[in-house]
Amino acid sequence: MKTPLQIEFQQKALPTRLTSLAWVMIGAGAALAVAAWYVDGPRAAFNNVVMFMMLASIGIGSLFLISLEYVAGAVWSTPMRRVSEILAFIIPVTGVAALPMFLNLHDLFHWTHAEAVEADAILKGKSPYLNVTFFGIRFVATFAIWYLFYHFITRNSRKQDSTGDQLFTRRNIRLSAIFIPVFAVTVTFLAIDWIMSLEPHWFSTIFGVYYFSGTMLAALAAATIAIILLHENGYFGTLLRRDHFYSLGALMFAFVNFWAYIAFSQYLLIWYANLPEETFWMTRRWEGGWEFLSLALIVVHFVVPYVGLLAQEAKMNPRRLKIMAIWILFAHFIDLYWLVMPTHHESFFFGWMEVGFPLLSVGIVLLVFILRYRKTSLIPTGDPKLKRGLDFRL
Amino acid sequence: MSFVDYSVEPPVVEGKPPLSSIDDAIIKPIDAKPTKAWFVAIAVSGTMLLIGAASLAVTFIFGVGMWGVNQPVGWGFDIVNFVFWVGIGHAGTLISAILFLLRQRWRTGIARFAEAMTIFAVMCAGLFPLIHTGRPWLDGYLMPYPNQHGLWINFTSPLVWDVFAVSTYFTVSAIFWYVGLIPDFATLRDRTVSRIKKIVYSILSLGWRHSNRHWQHYEMAYLILAGFATPLVLSVHTIVSFDFAVSIIPGWHTTIFPPYFVAGAVFSGFAMVQNMLIGIRKIYAIEHIITIDHLEKMNKIMITTGMMVGYAYGMEFFIAWYSGNSAETFVFFNRALGPYAWAYWTMVICNVVFPQLFWFKKIRRSIPAMFVIGVLVNVGMWFERFVIVVTSLSRDYLPSSWGFYVPSIYDIGILIGSFGLFFTLLLLFVKSMPVVSISEVKGVVEGAQPSHGGSH
């Protein structure tokens with residue numbers, strides 16, 4: 001079944017100074033990062049983990065949001081879906097961003113030290129899972145699977161632009177339904193491999209869910225920032241309304257709460273049971289200055305966005321929503337920093353290296369967005385749900 | 001095979017029934033005399049209830065020693081049943097509050113019934129901790145009271161949190177349900193010819209006149225209650241999971257318990273709602289209001305939550321091994337291969353394997369198939385709680401104190417009684433109140449919505 005093209009849409013080109021800005025950020029960030037690798041390799045490696053997980057959150061989170069729209073049959077997000085499709089192109093870039101870390105696995109992961117594993121019964125027990133070969137296989141498999149789903153889902157979506165054939169929607173619903181359980185498993189093991197196994201003795205069954213809640217926030221926040229900036233500068237014309245922004249804000253608000261719920265569950269259960277095999281991970285984050293970051297995390301990641309997004313007006317007003325989205329993206333960075341960095345050093349640290357890598361990540365996301373935007377129509381003009389999405393009212 | 005047209009919104013109510021016909025369809029069974037089938041049904045459920053009452057009487061006279069619980073399994077059927085019934089209750093609030101916040105209009109047809117089910121299920125659940133105290137005449141001490149004796153209260157115990165969580169949940173669910181019923185009571189009041197009914201419905205409808213201002217306040221109240229009920233429903237099963245997870249018993253203490261229990265609760269609750277609605281829509285001839293599309297959507301939620309539960313089973317197993325903690329690893333191997341392996345595999349097959357059939361659209365839309373799967377899910381979810389409670393306790397750290405739990409006939413009697421209570425209350429409900437929200441369904445009939453923009 002074909003849907004006739006529903007709207008005339010003239011895509012505006014992004015300004016060239018944005019490209020320059022992206023290159024400046026990448027240049028400055030990369031320079032700092034390279035310097036960091038020379039000055040203090042292990043510290044740079046840990047920074048690289050934060051950057052890698054941040055990019056992964058945005059990339060794979062965006063693909064998950066797209067598949068969620070297809071599976072749930074949502075219409076409100078259809079006019080804005082392309083932004084997430086563009087952001088999902090970060091997936092292959094993320095894979096590349098991980099490569100420097102493979103040269104420094106020894107600095108990152110205690111379980112790569114053969115003599116340490118030999119002397120430690122618990123690490124020895126884990127070695128069928130935690131070994132470099134299997135770790136590498138999991139990494140390659142994860143990114144290959146993600147890329148394939150990304151490739152087929154977005155290709156179907158783009159093909160529909162010219163034909164308006166509903167067949168592509170149906171195909172994408174199927175692909176998305178398969179992708180969601182695959183995503184659940186892969187994202188869990190990504191979190192276990194790259195964050196949990198930094199402290200190879202520590203374990204927590206909820207950890208995959210914890211990281212998942214962060215990916216959703218990062219992907220939603222990144223999409224919201226892009227959508228509102230494009231909207232404010234007239235790239236969407238007059239197509240988007242407060243109803244659309246409200247929905248984005250409400251979803252973000254829901255995941256702010258979800259993150260807090262998961263984080264609290266994990267903390268409470270570990271605190272209450274008070275078993276040394278679990279608590280050491282928390283006590284590490286309660287010493288040497290990290291306790292201030294731990295407390296700040298509650299405020300930054302929960303209290304501020306909760307209060308900031310609670311009111312209906314906050315979700316409907318694009319300017320306020322944009323500020324909250326930027327804040328949430330920052331909060332996810334703090335969260336990753338809190339998860340990863342205390343393993344590197346027992347006392348809190350923050351210096352120019354920790355500025356360089358985030359700068360590089362922002363530059364990468366921006367550049368990827370610009371390059372991908374050129375090849376994609378901002379509006380999925382052939383999507384059968386587009387008209388309903390544009391007419392969406394609360 | 002016909003394909004869905006994604007460019008048009010699928011109708012929530014089939015056909016374009018005149019609004020008055022909706023009143024008639026929903027209210028007719030309440031006005032009419034009870035049918036023979038209804039009497040048969042209540043005779044059966046009443047008998048079950050009496051079996052439970054007799055078992056309880058024996059328990060109260062001779063003490064909880066009549067049950068199968070003993071060292072080391074001090075928590076048996078009663079806690080299993082408690083968690084099971086609380087779980088059943090979750091679908092109601094999920095449908096009425098969370099789907100309301102998510103603006104899922106298809107919820108209107110099924111919300112009322114699911115809410116009623118929630119309330120009755122929570123009643124069933126609440127019974128078990130009360131009788132499990134062993135001295136139910138002292139249960140009043142569970143509630144806060146002026147504490148001159150300095151005995152109360154152990155605020156650090158999740159069992160106390162349970163008292164607060166379940167009673168708050170029950171209160172808010174009941175208010176939510178009642179607020180939704182007010183406009184419908186007014187409709188009933190205006191239609192009935194019986195004097196007694198008129199008086200009862202007049203009192204229940206609180207002077208509702210369907211005025212514009214009434215509706216404005218109503219909508220606001222409903223939205224706020226939905227906002228309250230949403231975190232509440234998540235908190236209840238979270239706290240139920242804390243009953244286990246804060247302890248240091250292998251197999252109980254694991255951080256994924258809160259979301260895992262919530263997903264499981266929604267899973268079993270939807271299975272129960274789906275089962276009950278299949279019967280109701282047939283008997284009441286409201287198949288155009290509770291359509292096969294509704295049931296299909298519920299089945300989709302079941303496969304989703306079923307896979308979440310499957311994820312949790314897998315993650316527990318993996319981390320038990322990954323942790324390197326031998327007690328933890330043992331518990332999971334014991335579950336899968338030990339004396340209760342049959343219960344474990346019943347759980348896995350019913351909860352994870354069978355729901356996979358819902359990948360096929362044919363099965364999602366086949367009434368007999370979905371009914372059977374729904375029943376299996378509830379069996380599986382009951383066994384999940386059994387596996388968690390019993391296997392972990394029966395074999396913990398010290399092999400010399402291992403034991404084996406077998407329920408007594410009184411345990412089984414009380415379980416049957418709880419089903420009897422549940423079905424009896426439901427039968428009384430369907431005979432005295434509208435099982436579908438009349439006013440809300442009218443709002444989603446095609447043509448009832450204001451049109452935005454566009455040309456008409």
Side-chain angles (χ1 to χ4, degrees), chain A residues 1 3 6 71-73 75-76 121-126 129-130 166-167 169-170 173 177 180-181 184-185 188 192 196 201-210 247 250 254 257-258 261-262 264-270 272-275 277-278 383-388 390-394, chain B residues 2-10 98 101-104 156 158 227 230-231 234-235 238 241-242 245-249 252-260 262 297 300 303-304 307-308 310-312 314-326 328-329 359 449-454:
Chain A
M1 196 183 305
T3 325
Q6 296 138 332
V71 171
V75 295
W76 64 271
I122 288 186
L123 290 188
K124 216 170 166 184
K126 294 184 189 202
Y129 179 80
L130 289 181
Q166 294 209 4
L167 185 71
T169 301
R170 208 167 55 249
I173 290 173
I180 287 174
V185 173
T188 302
I192 290 175
M196 203 161 100
H201 288 93
W202 190 67
F203 55 91
S204 169
T205 41
I206 207 173
F207 199 75
V209 186
Y210 181 92
S247 301
N257 287 289
F258 183 70
Y261 168 63
I262 298 298
F264 175 73
S265 298
Q266 172 169 279
Y267 180 77
L268 181 97
L269 292 177
I270 289 174
Y272 200 117
N274 206 6
L275 297 169
E277 61 183 12
E278 294 177 324
D383 195 300
K385 293 191 297 184
L386 179 63
K387 181 80 175 59
R388 283 166 67 197
L390 293 172
D391 289 343
F392 170 76
R393 299 295 181 271
L394 287 173
Chain B
S2 66
F3 293 124
V4 186
D5 183 0
Y6 299 104
S7 63
V8 290
E9 197 176 343
I98 298 183
L101 293 181
L102 295 174
R103 298 187 299 269
Q104 298 295 308
T156 53
T230 300
L234 298 181
S235 77
T238 299
S241 81
F242 286 169
V246 296
S247 67
I248 47 171
I249 308 248
W252 282 11
H253 174 69
T254 178
T255 49
I256 206 171
F257 257 36
Y260 155 41
V262 172
K297 287 191 170 100
K300 284 181 181 170
I303 187 179
T304 313
M307 282 198 286
M308 287 181 190
Y311 171 89
M315 203 36 66
E316 277 187 321
F317 232 104
F318 173 71
I319 296 286
W321 170 81
Y322 178 89
S323 70
N325 180 327
S326 54
E328 195 77 26
T329 316
W359 281 99
Q449 302 82 37
S451 56
H452 299 287

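Residue numbers begin at 1 in each chain, while the letters A, B, ... track the order of the sequences.
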For the OH atom on A:Tyr267, are there more than 12 heavy atoms of other groups (residues, nucleotides or ligands in this structure) within a distance under 6.0 Å?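 Counting other residues, nucleotides and ligands, OH of A:Tyr267 stays at 12 neighbours or fewer.
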Partner of B:Tyr6 by side chain to side chain contact (heavy atoms under 4.5 Å, CB included), out of A:Thr169, A:Asp383, A:Leu386: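 For B:Tyr6, the side chain to side chain contact (heavy atoms under 4.5 Å, CB included) test succeeds with only one of A:Thr169, A:Asp383, A:Leu386, which is A:Thr169.
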Select one option (side chain, backbone, both, neither) describing which atoms of [X] are under 4.5 Å from chain B's heavy atoms.
{"X": "A:Ala177", "value": "both"}
{"X": "A:Tyr261", "value": "side chain"}
{"X": "A:Leu123", "value": "neither"}
{"X": "A:Ile173", "value": "side chain"}
{"X": "A:Ile180", "value": "neither"}

Sub-3.5 Å donor-acceptor pair from the side chain of B:Ser7 to the main-chain atoms of A:Lys385, do we have one?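 The answer is no, because no donor-acceptor pair under 3.5 Å joins these two groups.
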Please check if the side chain of B:His253 supplies one atom and the backbone of B:Val246 the other of a donor-acceptor pair under 3.5 Å.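 No; zero donor-acceptor contacts below 3.5 Å.
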Flag the one option from A:Ile122, A:Leu130, A:Ile262 with the top tally of heavy-atom pairs under 4.5 Å to chain B.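 If we count pairs closer than 4.5 Å to chain B, A:Leu130 comes out on top.
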Could you tell me which of A:Ile270, A:Leu268, A:Asn274 has the largest number of non-hydrogen atom pairs under 4.5 Å with chain B?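 Top option by heavy-atom pairs under 4.5 Å: A:Leu268.
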Among B:Arg103, B:Lys297, B:Met307, which residue forms the greatest number of heavy-atom pairs with chain A at distances under 4.5 Å?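 So the answer, after comparing B:Arg103, B:Lys297, B:Met307, is B:Arg103.
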Is any side-chain heavy atom of B:Thr304 closer than 4.5 Å to a side-chain heavy atom of B:Met308?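 In contact.
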Are B:Pro258 and A:Leu269 close enough that some pair of their side-chain heavy atoms sits under 4.5 Å apart?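 SC-SC contact between B:Pro258 and A:Leu269 confirmed.
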What part of [X] is in contact with chain A, defined as an atom under 4.5 angstrom from a non-hydrogen atom: side chain, backbone, both or neither?
{"X": "B:Tyr322", "value": "both"}
{"X": "B:Tyr260", "value": "neither"}
{"X": "B:Thr156", "value": "both"}

Which label fits A:Tyr129 and B:Phe318: parallel for a plane angle under 30°, tilted from 30 to 60°, or perpendicular past 60°?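 Rings of A:Tyr129 and B:Phe318: perpendicular, over 60°.
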A:Gln266 and A:Ser204: CA distance, side-chain angles, deciding distance, side-chain hydrogen bond (donor to acceptor under 3.5 Å, both in side chains) verdict: CA-CA 8 Å; A:Gln266 172 169 279; A:Ser204 169; 2.8 Å; yes
